[in-house]
> 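Here it is: the structure, laid out below.
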Amino acid sequence: MSEQLYRENILDHSRHPRNKGEIDDPTATYQDTNPLCGDEVRMDVRIEGDAVAEIKFSGRGCAISQASASMLTEMVAGQSLEQVKAISREDILDELGVPISPARMKCAMLGLKVLKSAIYGVPQDDDTL
Amino acid sequence: MSEQLYRENILDHSRHPRNKGEIDDPTATYQDTNPLCGDEVRMDVRIEGDAVAEIKFSGRGCAISQASASMLTEMVAGQSLEQVKAISREDILDELGVPISPARMKCAMLGLKVLKSAIYGVPQDDDTL
Amino acid sequence: MATTIPAPTTLGASIRRDFPILQQENERGQRLSFLDSAASSQKPQVVIDAVSSYYAEENANIHRGVYTLSERATARYEEARQEVASFINAASPKECIFTRNTTEAINLVAQSWGRANVRNGDLIVITEMDHHSNIVPWQLLAEAVGAEIAAVGISDDGRLDLESLNRLLAREPKVVAFPHVSNALGTVNPAAEIIRRAKQAGATVLVDSAQGTPHLPVDVRALGADFLAFSGHKVLAPMGSGVLWGRLDLLQAMPPFLGGGGMIRKVEIGRSTWADVPARFEAGTPAVGDAVGLGAALRYLTRLDMAAVSAHEEALTRYALERLAELPGVTVFGPPAGEDHAGVISFTVEEIHPHDVASVLNGENVAVRAGHHCCQPLMARLGVVATTRASFSVYSDRDDVDRLAEAIMKAQRIFAA
Amino acid sequence: MATTIPAPTTLGASIRRDFPILQQENERGQRLSFLDSAASSQKPQVVIDAVSSYYAEENANIHRGVYTLSERATARYEEARQEVASFINAASPKECIFTRNTTEAINLVAQSWGRANVRNGDLIVITEMDHHSNIVPWQLLAEAVGAEIAAVGISDDGRLDLESLNRLLAREPKVVAFPHVSNALGTVNPAAEIIRRAKQAGATVLVDSAQGTPHLPVDVRALGADFLAFSGHKVLAPMGSGVLWGRLDLLQAMPPFLGGGGMIRKVEIGRSTWADVPARFEAGTPAVGDAVGLGAALRYLTRLDMAAVSAHEEALTRYALERLAELPGVTVFGPPAGEDHAGVISFTVEEIHPHDVASVLNGENVAVRAGHHCCQPLMARLGVVATTRASFSVYSDRDDVDRLAEAIMKAQRIFAA
Ligand SMILES: Cc1ncc(COP(=O)(O)O)c(C=O)c1O
Ligand SMILES: Cc1ncc(COP(=O)(O)O)c(C=O)c1O
């Protein structure tokens, strides 16, 4: 189980997060914490036209939450807002490629929740991502 | 069980209570109810010197509570206050002569509790009769 | 539907074997007729087993545990919540809060919603037939905030007086709280109609369904109430399980009831913020085993079909009312047999105190309750100190009723001797 | 006494078979090392059986029932209360109130005693190491009455700072509430000494013994506190059982907490009067099955001997602290091994988030908790977001500790890879 959970891609993203940092004057930004574990993720997005021109994330927390946020920034770079809005929980799970148990689901979804909250401009609910 | 509980003496005392009534100018009097069943018993006592010169009870309730109160008035007539104070739960149970189950114990002891409360001049506790 | 369910009159006998406690006999070889189900129902083996298996295989504290047992316990707990939501047709499991019992559920509303919404001079409407658990919490609230309490009257045959309700509604009460079914008389109140009128008058409405949920199919959305409370232990589930259902928007606006672990978002020494519903109202480690048992009980009842349960109990009540009517000296309270008389029958026997009746019945292994049934105001209204009460559940049958009638006659013989 | 009890170090392994859940293996055939007993302990078969037998043989609503089953259920319930009283050496069973858990017990005191006694401007003293359940109820009270809350500080090694306590006592607080044992650090606080000082300063004292009662012999009379709360589910009993112990004179002077059936003397629509203690504080149908299970659990623990339990856990903790000290990169919080460090160990592993540690451990069938342990103020004080926590009970053994250490090393290998 643990070997499965902490596959190379997760460990790699958590050790070497992609697009980590902040954007000075972001078009959209949002930050949230997972109150149960204390994971924190912030997403800064610069939108040009109808697409994600730049995205950066910052935060701290477990490998799952940070790797998932890092992967997400790679997934959405250059995508249209419609495409970003269409990203589902399943897309994230596919990208992570490891079995996420119920208790860790909130960690895995924190990045997506924060990004969608930033883009919609209203806090998104965990259950309806 | 039911035949045992409602032996002739109980039924007789509950149908034909002894010393039922009130005393006009009692030396001691007390009334209490059994909050769980609604049984009510009042005891009026006229004390002369150090002894029970007259005792009457009134009230309403189940056969056990009323028979027990009725029997008690017969037990204490003419006795000294010391003797009355010494009457125990066991004495009452002996006099009733039938098995009293835990739930009916408060009914069986109501008369004694009221009489002792009257004589001591302070409410007596069920557990320490 | 009617073709797939057991015929109402056979529901009782055909499932008695599911309930281990009913297999007991007394020292004289008499079977147990358990006729105190309104106080607490007996539990089928599937419920007892669900609780034992939970502790033998899945037990752990829930939420926040990242290990497998805790995840499984959490899943079982939330499945039970889902089972509750389906059973009463709630819009979402989030609307279902686990409590110890009906009493705690009503106190939760009175303390949390009540203190936030009821003001000095406001009117709280209850009824003359309420259980103490739907009276005292409102008294405590009324005293704390300076509100007034008034009770809807009842007719001599134990039905709510809807004229009296209308008069009180004209005063625009803040809350109307009433029993779905009377635990002392068996009266099934016209809940949907009462709710409709009360809401029209602007009141927030709580249904005390402690006796409704065991006897009737309950659909909170069809009823249209704001809150509904019931006890797991009266619907075949373990003691220690109860439910408060509330409309989500109301619950979400309510301050906490009890404070502690699990109901917080963030705690600092000086101040805290609260978790979402339903966690906000479930402070501390919940009774997960009891909740799991409740889930199993509701699945069992759903399999029996609550419409069938209700028909079974109505038929049995009709039969019992007929049998008792044949007995001279027996007075039955509450409405005559019919759809608005659920499986609860209160009676007195001339010249024999209700407790003595119950004691004689116990000698015949017929278990009934005697007393005020936590309804002192109702007893006062009926002019009695106490009654003897027989009440039914899914496992009750005609034999129980026959044995009840015979035992009453025996009591009469003993006391007439 | 010492000769009749199992040697402390063998207590764990020798009784593991009493706990059915511990017989589980994972898919790789690894035994379960359940190291989350501080959250909720596992239950021995005797406790599971006590609950099932209760429902299969004796279940009925208690009090006021005159039939045999109800009398038996009442007797079982009151025997359990007596068992609680003996276990903590209460002067009378009347001083022991059944609650759902520690959280409800503390809320009961804060709401009932608190609202009657704590006034605007009064000081309530808690500690920086308190569980949210001993923080939030006091916050709710403070907000309701306008009182102030202050927390006793702690030293870097997780002990209460008695100087800080003294400074707060100089302000004559109305209440002092503190944890007997810290659930996050394992610190055993000098309860008797704290109580002595607090009482001298005129405070009413509540001991949150949620973690004391499972690990130490508790004697409420020797401690001298006013209130003590603990959770049944942490002392091998079912979830849904908890206890508030209070000094009889205090309890008797307290107004009700929840209103409803069973806690009244007389009810009229407009007003009510209250039953005696403990009934006054047990509104509604209690969780009799859970209470019966608690009685069985306390009998089991008494047979093991709490002094032996405490010695066993201290020895195991000492061993675990030694093992963890050997692991580079592992930081342990709380006091060093010794009498004031009960069987709870919080740690962090360098470069690995506590939740990831717990997930890797779960893969090895080692169940530990990760998070803030309902102690956010303590986490803030320690400067961490979360820790991983291993905690022991009577069934824990050295093998569990070895497996913990190995699994931590495995996590380090995975994350170092
Ligand atoms: C109508 C009604 N309301 C409330 C209650 C209280 O239920 P509980 O004791 O489970 O809280 C009962 C049961 O006794 C009841 O019959
Ligand atoms: C020290 C302490 N206090 C209070 C609690 C709350 O206990 P419960 O959740 O059983 O109410 C706990 C347990 O989590 C605890 O460890």
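Only heavy atoms go into these numbers, but all of them, side chains included; no hydrogens, no water, no symmetry mates. A, B, ... follow the sequence lines: proteins, then strands. Residue 1 opens every chain.
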> By side-chain contact (heavy atoms from CB on, under 4.5 Å), which residues pair with C/Thr103, not counting sequence neighbours?
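Per chain and number, C/Thr103 pairs via side-chain contact (heavy atoms from CB on, under 4.5 Å) with C/Asn101, C/Asn107, C/Ser133, D/Ala283.
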> Does the distance from a Lys or Arg side-chain N to an Asp or Glu carboxylate O, for D/Arg271 and C/Glu143, drop under 4.0 Å?
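Result for this pair is no, no salt bridge flagged.
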> Under a 4.5 Å heavy-atom cut-off, does chain D meet the side chain of C/Thr99, its backbone, both or neither?
backbone
> Can you tell me which of C/Lys266, C/Gln23, C/Arg100 forms the most heavy-atom pairs within a distance under 4.5 Å of chain D?
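Winner by heavy-atom pair count: C/Arg100.
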> State which residues pass ring pair (Phe, Tyr, Trp, His ring centres under 6.0 Å) with C/Phe34; sequence neighbours excluded, sorted by chain then number.
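By the ring pair (Phe, Tyr, Trp, His ring centres under 6.0 Å) rule, C/Phe34 matches D/Tyr67.
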> Could you report the tightest heavy-atom contact between D/Met239 and C/Asn61, atom names first, then the distance?
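Closest pair (atom of D/Met239, atom of C/Asn61, distance): CE-CA, 3.8 Å.
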> At a 4.5 Å cut-off on heavy atoms, which part of D/Asn59 comes close to chain C: side chain, backbone, both, or neither?
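Contact with chain C involves both backbone and side-chain atoms of D/Asn59.
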> With a 4.5 angstrom heavy-atom cut-off, which part of D/Leu141 approaches chain C: side chain, backbone, both or neither?
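Neither part, no heavy atoms under 4.5 Å.
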> With chain D, which of C/Ala287, C/Ala60, C/Gly259 has the greatest number of heavy-atom pairs at distances under 4.5 Å?
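The residue among C/Ala287, C/Ala60, C/Gly259 with the greatest pair count is C/Gly259.
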> What part of D/Leu258 lies closer than 4.5 angstrom to a heavy atom of chain C: side chain, backbone, both or neither?
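Answer is both: backbone and side chain atoms of D/Leu258 are under 4.5 Å from chain C.
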> Need one label for D/Leu32: side chain, backbone, both or neither, based on atoms under 4.5 Å from any heavy atom in chain C.
side chain
> Quick one: what part of C/Ser41 sits under 4.5 Å from any heavy atom of chain D, side chain, backbone, both or neither?
backbone
> For the candidates D/Val267, D/Val66, D/Ile135, D/Ile48, which exhibits the highest count of non-hydrogen atom pairs separated by less than 4.5 Å from chain C?
D/Val267
> Chain D: which of C/Gly242, C/Gly371, C/Ala39, C/Ser37 shares the most heavy-atom pairs with it under 4.5 Å?
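Top option by heavy-atom pairs under 4.5 Å: C/Ala39.
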> Quick check for you: among D/Ala56, D/Pro20, D/Pro137, D/Gly284, which has the greatest number of heavy-atom pairs under 4.5 Å with chain C?
D/Ala56
> Relative to chain C, which of D/Pro377, D/Gly240, D/Ala291 shows the most heavy atom pairs under 4.5 Å?
D/Pro377
> Chain C: which of D/His132, D/Glu268, D/His355, D/Gln24 shares the most heavy-atom pairs with it under 4.5 Å?
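So the answer, after comparing D/His132, D/Glu268, D/His355, D/Gln24, is D/His132.
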> Atom NZ in C/Lys43, atom OG in D/Ser52: separation rounded to 0.5 Å?
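Taking NZ in C/Lys43 and OG in D/Ser52, the distance rounds to 13.5 Å.
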> Report which part of D/Gln139 has an atom under 4.5 Å of a heavy atom belonging to chain C: side chain, backbone, both, or neither.
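Contact with chain C is through the side chain of D/Gln139 alone.
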> For D/Gly262 and C/Cys374, which heavy atoms make the closest approach, and how far apart are they?
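Heavy-atom minimum between the residues: N-SG, 4.5 Å.
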> Which bit of C/His373 comes within less than 4.5 Å of chain D, counting heavy atoms only: side chain, backbone, both or neither?
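Contact with chain D is absent: no heavy atom of C/His373 under 4.5 Å.
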> Under 4.5 Å from any heavy atom of chain D, what part of C/Ser53 do you find: side chain, backbone, both or neither?
neither
> For the interface with chain D, which of C/Ala370, C/Ala358, C/Ser272, C/Ala151 has the highest count of heavy-atom pairs at distances below 4.5 Å?
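Of the options given, most contacts go to C/Ser272.
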> For residues C/Gln376 and D/Arg265, determine if any side-chain heavy atom of one lies less than 4.5 Å from a side-chain heavy atom of the other.
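Not touching, per the 4.5 Å side-chain cut-off.
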> So do the side chains of D/Ile21 and C/Leu69 get within less than 4.5 Å of each other, counting heavy atoms only?
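In short, these two side chains touch, coming nearer than 4.5 Å.
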